[in-house]
Amino acid sequence: MILPSPISQIKLQFLEENEVKLFIKRDDLIHNDISGNKWRKLNLNVKHVLRQQYKGVITFGGAHSNHLSATAFIGKENDIETVAIVRGDEHVTRSETLKFCEANQMKLIFETRENYRKRNEAEYLKTWQEKYPDYFIIPEGGANDLGVKGCEEIVTEINFDFDYITVDCGTGATLSGMVRPLQAHQKAIGVQVLKGRDFISEEVMKFSHDYKEKFEVWTDYHFGGYAKYQDELLDFMRWFYKETDIKLDPVYTGKQFYAIFDQIKKGYFPEKSTIVLTHTGGLQGIPGFEKRYGVKIY
């Protein structure tokens, strides 16, 4: 474990021309297999499971879920049995992520997309709790109070002043934690990676309703939806890697970083602004993404 995670300053002529300072909170370097905000959201959950002596954990995710792979790994490391309710058809070829989960002794139970939509409903969760009475249920993406609390440290670990901090959003849990420690002059920006209305703000308000002035959510950088992409996104990721030697993933961080650079170009950020981008990891999903779409990113 590398904690606190390192912070890198990015120096590019583009940034100098726009008179902004850009830093990256390198949560991708915390650990090879459980890096990024996935570790942040699981850390306190796992401590709770161990303290309360649960037999195992039940959680939810798709075939390429970084959350599932992190849960499987940390479960094996701590002798916690793990069960994943997976969205989709069992008969589809296993993704690299699900192969990794099974290699780390996670039990996979596949659900139809219709049933999977009920994953946050009390009656649906009750049926799983009855089947696994000694298991602790962690929501999709680690989006519970413990997960949100763990994400506060992304901000509290930063030892210099800044104006904006940004993060990619799938469930809103990470952003919910990040807004809590912000100072009066600071603001968090969430980049929603799923297509559709701004549901992330609603999720943040559930966990951190006293902080509505501390954040905003951008919904125009999904590139077609979750795990979808356009060539423009991949071109940006390749350019960024060439300039900085930092890899991004196409599902989460690539979209976040693209959005920030686009808005710097459009003049959203005032001159002299200091911006911290959160690298949430997710690089383990790149091979599966490349195989699925027949592309090579790097």
side-chain contact (heavy atoms from CB on, under 4.5 Å), that's the test. Do Ile138 and Leu42 meet it? Break it down for me. CA-CA 9 Å; Ile138 299 177; Leu42 283 171; 4.2 Å; yes
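- A donor-acceptor pair under 3.5 Å links the side-chain atoms of Asp249 to the main chain of Val251, judged by distance alone.
- A donor-acceptor pair is defined here as one N or O able to donate and one able to accept, closer than 3.5 Å; no such pair exists between the side chain of Thr59 and the backbone of Glu140.
- At distances below 3.5 Å, not a single donor-acceptor pair connects side-chain atoms of Glu121 with backbone N or O atoms of Lys118.
- Atom CD of Glu17 is surrounded by more than 12 heavy atoms from other residues, nucleotides or ligands within 6.0 Å.
- The distance from atom CG of Leu125 to atom CG of Asn120, rounded to the nearest 0.5 Å, is 7.0 Å.
- Taking the six-membered ring for Trp, Trp218 and Tyr268 have ring centres closer than 6.0 Å.
- Residue pairs meeting the salt bridge (Lys or Arg N to Asp or Glu O under 4.0 Å) criterion with at least one partner in residues 151-166, sequence neighbours excluded, are Lys25-Glu157, Arg40-Glu153, Arg40-Glu157, Lys149-Glu152, Glu152-Arg180.
- The hydrophobic cluster containing Val148, built from Ile/Leu/Val/Met/Phe/Trp/Tyr side-chain heavy atoms closer than 4.5 Å, also comprises Phe207.
- A side-chain donor-acceptor contact under 3.5 Å links Ser65 to the backbone of His67.
- Ile24 and Ile7 fall within the same hydrophobic cluster, where Ile, Leu, Val, Met, Phe, Trp and Tyr residues are linked whenever their side-chain heavy atoms come under 4.5 Å apart, directly or through other members.
- Side-chain contact check for Phe269 versus Ile189: some heavy-atom pair is nearer than 4.5 Å.
- Phe14 places none of its side-chain heavy atoms less than 4.5 Å from the side chain of Glu243.
- Counting heavy atoms of neighbouring residues, nucleotides and ligands inside a 6.0 Å radius, atom CD of Glu130 exceeds 12 of them.
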Decide yes or no on side-chain contact (heavy atoms from CB on, under 4.5 Å) for Arg197 and Glu202, but give the supporting numbers first. CA-CA 10 Å; Arg197 63 178 180 82; Glu202 297 173 8; 2.7 Å; yes
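- Summarising the local packing, CD of Glu114 is surrounded by 12 or fewer heavy atoms from other residues, nucleotides or ligands at distances under 6.0 Å.
- For Phe60, there are no ring pair (Phe, Tyr, Trp, His ring centres under 6.0 Å) partners at least two apart in sequence or on another chain.
- Here Glu77 pairs with nothing under the salt bridge (charged side-chain N to carboxylate O under 4.0 Å, His left out) rule; sequence neighbours left out.
- Looking at Glu203 and Lys206, a side-chain N of the basic residue comes within less than 4.0 Å of a carboxylate O on the acidic one, giving a salt bridge.
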Stepwise, does the side-chain contact (heavy atoms from CB on, under 4.5 Å) test hold for Lys187 with Leu182? CA-CA 7 Å; Lys187 189 172 189 177; Leu182 294 178; 5.6 Å; no
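- Of the possible polar contacts, none joining the Lys255 side chain to the Tyr221 backbone as a donor-acceptor pair under 3.5 Å is found.
- Considering every non-hydrogen atom in both Val49 and Phe136, the closest pair reads CG2-CD2, 3.7 Å.
- Residues Gln186 and Ile165 are not in side-chain contact: their nearest non-hydrogen atoms beyond the backbone lie 4.5 Å or more apart.
- Ring geometry for Phe257 versus Phe240: interplanar angle over 60°, hence perpendicular rather than tilted (30 to 60°).
- For the salt bridge (charged side-chain N to carboxylate O under 4.0 Å, His left out) test, no residue two or more places apart in sequence or in another chain qualifies with Asp168.
- Distance check, rounded to the nearest 0.5 Å: CG of Leu277 to OG1 of Thr166 gives 3.5 Å.
- Shortest non-hydrogen contact noted between Pro270 and Tyr164 is CD-OH, 3.5 Å.
- The shortest distance between side-chain heavy atoms of Met205 and Lys212 falls below 4.5 Å.
- Using modelled atom types, no side-chain atom of Tyr252 and backbone atom of Val167 make a donor-acceptor pair closer than 3.5 Å.
- With Thr82 contributing its side chain and Thr71 its backbone, the two residues share no donor-acceptor pair below 3.5 Å.
- Looking only at side-chain heavy atoms (C-beta outward), Phe110 and Leu98 come within less than 4.5 Å of each other.
- In this structure, Glu290 contributes its side chain and Ile297 its backbone to a donor-acceptor pair below 3.5 Å.
- The cationic group of Lys247 lies under 6.0 Å from the six-membered ring centre of Tyr241 and within 45° of the ring axis, placing it in a cation-pi geometry.
- Lys76 places no side-chain N or O within 3.5 Å of a backbone atom of Gln105 that could act as its donor or acceptor partner.
- For Tyr124, the side-chain hydrogen bond (donor to acceptor under 3.5 Å, both in side chains) partners two or more places apart in sequence, or in a different chain, are Glu111, Trp128.
- Annotation: side-chain hydrogen bond (donor to acceptor under 3.5 Å, both in side chains) contacts of Tyr135 (sequence neighbours excluded): Glu81.
- In this structure, CG in Leu15 is found 12.0 Å from NZ in Lys21, a value given to the nearest 0.5 Å.
- What you find for Cys151 and Met178 is that their closest heavy atoms are O-CG, 3.8 Å.
- At least one side-chain heavy atom of Arg87 sits less than 4.5 Å from a side-chain heavy atom of Arg113.
- For Phe199, the ring pair (Phe, Tyr, Trp, His ring centres under 6.0 Å) criterion is met by no residue, not counting sequence neighbours.
- At least one side-chain heavy atom of Val46 sits under 4.5 Å from a side-chain heavy atom of Ile80.
- Going from atom CG of Asn37 over to atom CG of Asn43 covers 13.0 Å, rounded to the nearest 0.5 Å.
- Across every non-hydrogen atom of Leu234 and Pro250, the tightest pair is CD2-CB, 4.2 Å.
- Although no hydrogens or angles enter the test, the distance criterion places no donor-acceptor pair under 3.5 Å between the side chain of Gln183 and the main chain of His185.
- Residues Thr171 and Ile200 share a closest heavy-atom pair of C-CD1, 3.7 Å.
- Leu29 belongs to no hydrophobic cluster with other residues, because no ILVMFWY side-chain heavy atom falls under 4.5 Å from its own, directly or through intermediates.
- Between Lys38 and Lys41, the closest side-chain pair of non-hydrogen atoms falls below 4.5 Å.
- In terms of heavy-atom proximity, Ser208 sits nearest to Val179 at CB-CG2, 3.8 Å.
- With sequence neighbours left out, the side-chain hydrogen bond (donor to acceptor under 3.5 Å, both in side chains) criterion links Glu90 to no other residue.
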Apply ring-ring contact (aromatic ring centres under 6.0 Å, His included) to the pair Trp239 and Phe261, showing each step before the final yes or no. CA-CA 12 Å; Trp239 168 82; Phe261 273 75; 5.8 Å; yes
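- Applying the ring pair (Phe, Tyr, Trp, His ring centres under 6.0 Å) rule to His31 yields the partners Phe73; only residues at least two apart in sequence or on another chain are considered.
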Just do the side-chain contact (heavy atoms from CB on, under 4.5 Å) check on Gln284 and Phe100 with the steps written out, would you? CA-CA 10 Å; Gln284 65 84 25; Phe100 177 86; 5.6 Å; no
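- A search for ring pair (Phe, Tyr, Trp, His ring centres under 6.0 Å) contacts involving Tyr258 returns Phe223, Phe236, not counting sequence neighbours.
- Proximity of the aromatic rings of Phe23 and Phe162 is defined here by a centroid distance below 6.0 angstrom, and this criterion is not met.
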